[in-house]
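All heavy atoms count here, side chains included; hydrogens, waters and symmetry mates do not. Within every chain, numbering begins at 1; the chains are lettered A, B, ... in the order of the sequence lines, protein sequences first and strands thereafter.
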2 protein chains.
Amino acid sequence: MRKDITEAELDVMDVLWLESPIAASDIHLQQDSQKKWSIQTVKTLLSRLVEKGVVAYERDGKRFLYRPLIKRGDYTQSAATRLVDKLFDGRVAPLISQLAEGRGLSDDDLEDIERLLEGLKHEH
Amino acid sequence: MRKDITEAELDVMDVLWLESPIAASDIHLQQDSQKKWSIQTVKTLLSRLVEKGVVAYERDGKRFLYRPLIKRGDYTQSAATRLVDKLFDGRVAPLISQLAEGRGLSDDDLEDIERLLEGLKHEH
DNA sequence: ATATTCAGTCTACAATTGTAGTCAATGGGT
DNA sequence: ACCCATTGACTACAATTGTAGACTGAATAT
């Protein structure tokens, strides 16, 4: 069913999640400056996303307006869950520990996590 | 340089991380039961890993023994960091929050995270 | 010594992915 | 009413990935 969204497709989704419905040409303009795909490439990625059932479109005169069918949060949640399952045997603590070891956590991040933990503990 | 390790290749790496040096045929046997590749497939994946510079081999009589050149922790760390950068703008708190929202965190996990946080705070 | 077996190397091949060109239709401007 | 620019559809094509067969040389068993 849910064929995976690829890297390039994800960049398109990121634009759609920011602004939609939106035309292919506008996605092309909106495109994160460093990646400079041709408009054709954007269109190909859009059709593939439509095939995969994660984007819908509606006619607007001669062109189409595209719109994401899945929420960003749903995607990130499932991607994060897959990663933690695959690499950390479903345990979140080791994941955090590795992230901290790497670049480290910012103070803001630490605070947020603490608050978050408080909340989670109260749900006991 | 570091061409990415693919899903299938990662399964082979997981065997190597458990036991190495090890021969191709033994990797084949060790293989997580549900995935039942042919021995040829295992060999192909091994050569690709060698090409990618993440696995080395040494002769042992007629066969070769393979050995990972990167540590599992290094791989998971960089994978986790890439994910958090790509999907959560480098913030760890939202990642944890999403993971909690999904399947939820086990009590064990919660405790571990708390202890971890204590430690991190002390490094201030 | 010889036939069988097992190891590694080479080759294959379809599906997916990244990246885009060509073409035909159609809507908008004059 | 007509031409042109823009759009979507179709096609292309190389690289990567998953999956494995064929071939060759060497070790083993008889």
Q: Taking atom CZ of F88(A) as the centre, does the number of heavy atoms from other residues, nucleotides or ligands within less than 6.0 Å exceed 12?
A: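 Result for CZ/F88(A): enclosed.
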
Q: In this structure, how many angstroms lie between the P atom of dG8(D) and the CD atom of E58(A), rounded?
A: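 After rounding, the gap between these two atoms is 12 Å.
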
Q: Donor-acceptor pair, distance only, cut-off 3.5 Å: does the side chain of S97(A) make one with the backbone of A93(A)?
A: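 Here the side-chain-to-backbone pair does not exist.
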
Q: Check this for me, if you would: do R115(A) and E118(A) make a salt bridge, where the nitrogen-to-carboxylate-oxygen distance has to be below 4.0 angstrom?
A: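 Salt bridge: no.
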
Q: With respect to the phosphate group of dG18(D), does any side-chain polar atom (N or O) of T6(B) fall under 4.0 Å of OP1 or OP2?
A: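 For dG18(D), OP1/OP2 do have a side-chain N/O of T6(B) under 4.0 Å.
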
Q: Starting at CE of M13(A) and ending at P of dG18(C), how long is that distance when rounded to a whole Å?
A: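 Those two atoms, CE and P, are 14 Å apart.
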
Q: Tell me whether R91(B) contacts the main-chain N or O of S106(A) through its side chain, where contact means a donor paired with an acceptor under 3.5 Å.
A: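 The answer is no, because no donor-acceptor pair under 3.5 Å joins these two groups.
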
Q: Drop me the distance from L10(B)'s CG to W17(B)'s CH2, to the nearest 0.5 angstrom.
A: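 So the CG of L10(B) and the CH2 of W17(B) are separated by 5.5 Å.
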
Q: Tabulate atom names and distances for all N/O pairs under 3.5 angstrom spanning the protein and nucleotides 24-30 of chain C.
A:
none

Q: Would D85(B) and R82(B) pass as an ion pair if we require N to O under 4.0 Å?
A: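 Answer for the salt bridge query: no.
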
Q: Rounded to whole angstroms, how far apart are CD on E51(B) and P on dT9(C)?
A: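 So the CD-P distance, E51(B) to dT9(C), works out to 11 Å.
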
Q: Given that R48(B) and I39(B) both sit by DNA chain C, which one's nearest nucleotide is further toward the 5' end?
A: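 That would be I39(B).
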
Q: Any donor-acceptor pair under 3.5 Å between the side chain of Q40(B) and the base of dA12(C)?
A: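 Side chain to base: no pair present.
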
Q: Quick one: L46(B) CG to dG18(D) P, roughly how many Å, whole number?
A: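 Value for this atom pair: 14 Å.
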
Q: Write down the distance between NE2 (H28(B)) and C1' (dA7(C)), rounded to a whole number of angstrom.
A: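 After rounding, the gap between these two atoms is 14 Å.
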
Q: Within this structure, what is the CD1-to-C1' distance between I27(A) and dG8(D), rounded to whole angstrom?
A: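 Rounding to the nearest Å, CD1 of I27(A) and C1' of dG8(D) are 13 Å apart.
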
Q: Between Y57(A) (OH) and dT7(D) (P), how many Å, whole number?
A: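 Atom OH in Y57(A) sits about 17 Å away from atom P in dT7(D).
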
Q: If I take atom CG in residue L45(B) and atom P in nucleotide dG18(D), what distance separates them, rounded to the nearest angstrom?
A: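 In whole Å, dG18(D) P and L45(B) CG are 7 Å from each other.
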
Q: Looking only at side-chain N and O atoms, does S25(A) come under 4.0 Å of OP1 or OP2 in dT7(D)?
A: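 Looking at the OP1 and OP2 atoms of dT7(D), one of them is under 4.0 Å from a side-chain N or O of S25(A).
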
Q: For T41(B), answer base if it contacts any base atom (sugar-phosphate contacts may also be present), sugar-phosphate if it contacts only those atoms, and nothing otherwise; contact means non-hydrogen atoms under 4.0 Å.
A: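 T41(B): base contact, heavy atoms under 4.0 Å.
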
Q: CG of D60(B): more than 12 outside heavy atoms within 6.0 angstrom?
A: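 For D60(B), atom CG is crowded (more than 12 foreign heavy atoms under 6.0 Å).
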
Q: Give S47(B) one of three labels, base, sugar-phosphate or nothing, depending on what nucleic acid heavy atoms sit under 4.0 Å from its own.
A: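 S47(B): no heavy atom of the nucleic acid under 4.0 Å.
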
Q: 5'-most contact on DNA chain C: K43(B) or E7(A), nearest heavy atom basis?
A: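 Whichever sits nearer the 5' end wins; that is K43(B).
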
Q: Ignoring backbone atoms, test whether K52(B) places a side-chain nitrogen or oxygen under 4.0 Å from the OP1 or OP2 oxygen of dT17(D).
A: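 Yes.
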
Q: Reading DNA chain D from 5' onward, which residue's closest nucleotide shows up sooner: W37(B) or A23(A)?
A: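 Its nucleotide being nearer the 5' end, the pick is A23(A).
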
